[in-house]
Amino acid sequence: MQSELSIVWIYPDLLSTYGDQGNVLVLEHRARARGIATRTIHVRSADPVPQQGNIYLLGGGEDRPQILGAERLRRDGGLRTAVARGAALLAVCAGYQIMGSVFGGEDGRPVEGIGLLDISSVRGERRAVGELAADVDPALGGLPRLTGFENHMGVTRLGPGVRPLSRTIVGTGNGDGTEGCYAGRVIGTYLHGPALARNPALADLLLSWVVGPLTPIDDSWYQRLREERLTAVLPPA
């Protein structure tokens, strides 16, 4: 297990509309609770993306910041290099769409993504807003049901190079009965809340990809709160 975990938060000045900094805080907390020192790097949109980080985080945002973020990430190339050498990445909402080949920008006009995930997104006819619950792909090791909040106009098509992160029970997600996707150590999702605060097992999955097996920590109090939230969201059995 490595001595220090490097967390890279990309473009908080552009892509942090929905409190996605919480994903950074959860990773820091869950690493330190296991005795893993952390170092967090905030990369503003005028700065180069460092290539030697361990976990990269990208959040949500409005149309214009999303377009600017995509343009700068394409020019920079640092995130692509980091993922190619084995770094983990969680991209949320607008950040998720940027990871694909194309997404719907202002007025639905197509904008080129950075191509880290085999997906494409377009602007849908109606906004998906509200609670979301979804069952995680069993191939990810038996993670518990995901919960979160979505607020987006995107409809996302998954190509053969990715697997759905989960299948929706409540909510819209990608628009085809699935929510998010993953390939290698890259995860994309529409989940806010923030995603890792409401799904600590997903945070632990990211951590385990870069530091190896994790020792258990006592968060039973949090799990009770999470189950209460899921009970309120899910339809009656």
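Hydrogens, waters and symmetry mates are skipped; everything else that's a heavy atom, side chains included, is used. All of these numbers come straight from a predicted model, not from anything done at the bench.
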Does the Asp118 side chain pair with the main chain of Gly161, one donor and one acceptor, at a distance under 3.5 Å? yes

Ile169 side chain reached by Val233 side chain, heavy atoms, under 4.5 Å: no

Would you indicate whether His29, at its atom NE2, is surrounded by more than 12 heavy atoms from other residues, nucleotides or ligands within a distance under 6.0 Å? no

If only atom types and distance count, is the side chain of Asp20 paired as donor or acceptor with the main-chain N or O of Gly60 below 3.5 Å? yes

Are there more than 12 heavy atoms of other residues, nucleotides or ligands under 6.0 Å from atom CZ of Arg85? yes

Taking the side chain as every heavy atom from C-beta outward, state whether Tyr11 and Val49 have any pair of such atoms under 4.5 Å apart. yes

Do Pro194 and Val26 make a side-chain contact, defined as non-hydrogen atoms from C-beta onward lying under 4.5 Å apart? no

How long is the gap from CG on Leu146 to OG on Ser166, to the nearest 0.5 Å? 5.0 Å

Quick check for you: to the nearest 0.5 Å, what is the distance between Ile187 atom CD1 and Leu202 atom CG? 5.0 Å

Salt bridge or not for Arg109 and Asp63, using N-O below 4.0 Å? no

Measure from the side-chain N and O atoms of Ser101 to the backbone N and O of Ile119, and report whether any donor-acceptor pair falls under 3.5 Å. yes

Taking side chain as C-beta onward, heavy atoms only, is Phe149 less than 4.5 Å from Val129? yes

How about CZ on Arg32, more than 12 heavy atoms from neighbouring residues, nucleotides or ligands closer than 6.0 Å, or not? yes

Can you tell me how far apart CD (Glu131) and CZ (Arg198) are? Round to the nearest 0.5 Å. 4.0 Å

Hey, could you give me the CD/OG1 distance between Glu62 and Thr17, rounded to the nearest 0.5 Å? 5.0 Å

For the residue pair Val210 and Arg185, establish whether any side-chain heavy-atom pair is separated by less than 4.5 Å. yes

Pair up each side-chain donor or acceptor in residues 64-72 with any protein partner under 3.5 Å, not counting sequence neighbours, and list the distances.
| unit_1 | atom_1 | unit_2 | atom_2 | d |
| --- | --- | --- | --- | --- |
| Gln66 | NE2 | Ala94 | O | 3.2 |
| Gln66 | NE2 | Gln97 | OE1 | 3.0 |
| Arg72 | NH1 | Ser45 | OG | 3.0 |

Is there a path from Tyr56 to Val211 through hydrophobic residues (I, L, V, M, F, W, Y) whose side chains come within less than 4.5 Å of each other? no

Name each donor-acceptor pair under 3.5 Å that joins a side chain in residues 170-179 to protein atoms two or more places apart or in another chain, with its distance.
| unit_1 | atom_1 | unit_2 | atom_2 | d |
| --- | --- | --- | --- | --- |
| Asn174 | OD1 | Tyr96 | OH | 2.9 |
| Asn174 | OD1 | Gly180 | N | 3.3 |
| Asn174 | ND2 | Thr178 | OG1 | 2.7 |
| Asn174 | ND2 | Gly180 | O | 3.1 |
| Asp176 | OD1 | Thr178 | N | 3.0 |
| Asp176 | OD1 | Thr178 | OG1 | 2.6 |
| Glu179 | OE1 | Thr189 | OG1 | 2.8 |
| Glu179 | OE2 | Thr189 | OG1 | 3.2 |
| Glu179 | OE2 | Tyr190 | N | 2.6 |

Nearest-0.5 Å distance that lies between atom CE in Met99 and atom CD1 in Ile114: 3.5 Å

From CD1 (Ile36) to CZ (Arg30), nearest 0.5 Å: 11.0 Å

Below 4.5 Å, heavy atoms only, C-beta onward: do Thr38 and Leu27 meet side chain to side chain? no

With a 4.5 Å heavy-atom cut-off, do Leu207 and Ile55 have their side chains touching? yes

Same cluster or not: are Trp9 and Val43 linked, directly or through other Ile, Leu, Val, Met, Phe, Trp or Tyr residues, by side-chain heavy atoms under 4.5 angstrom apart? no

Connected via hydrophobic side-chain network under 4.5 Å: Val136 and Val186: no

Full working for side chain to side chain contact (heavy atoms under 4.5 Å, CB included) between Gln52 and Ser6: CA-CA 8 Å; Gln52 300 303 314; Ser6 177; over 6 Å; no

Is there a path of hydrophobic side-chain contacts, each under 4.5 Å between heavy atoms of I/L/V/M/F/W/Y residues, joining Ile10 to Val24? no

Leu117, Leu79, Leu206 screened by side-chain contact (heavy atoms from CB on, under 4.5 Å) with Leu89, the one that passes: Leu79

Transitively linked via ILVMFWY side-chain contacts under 4.5 Å: Val102 with Leu116? no

Could you tell me if the side chain of Thr147 sits less than 4.5 Å from the side chain of Asn199, heavy atoms only? yes

Donor-acceptor pair, distance only, cut-off 3.5 Å: does the side chain of Arg74 make one with the backbone of Glu112? yes

Quick one: does any side-chain atom of Arg123 pair with a main-chain N or O of Met153 as donor and acceptor, under 3.5 Å? no

Donor-acceptor pair, side chain of Asn23 and main chain of Leu196, under 3.5 angstrom: yes

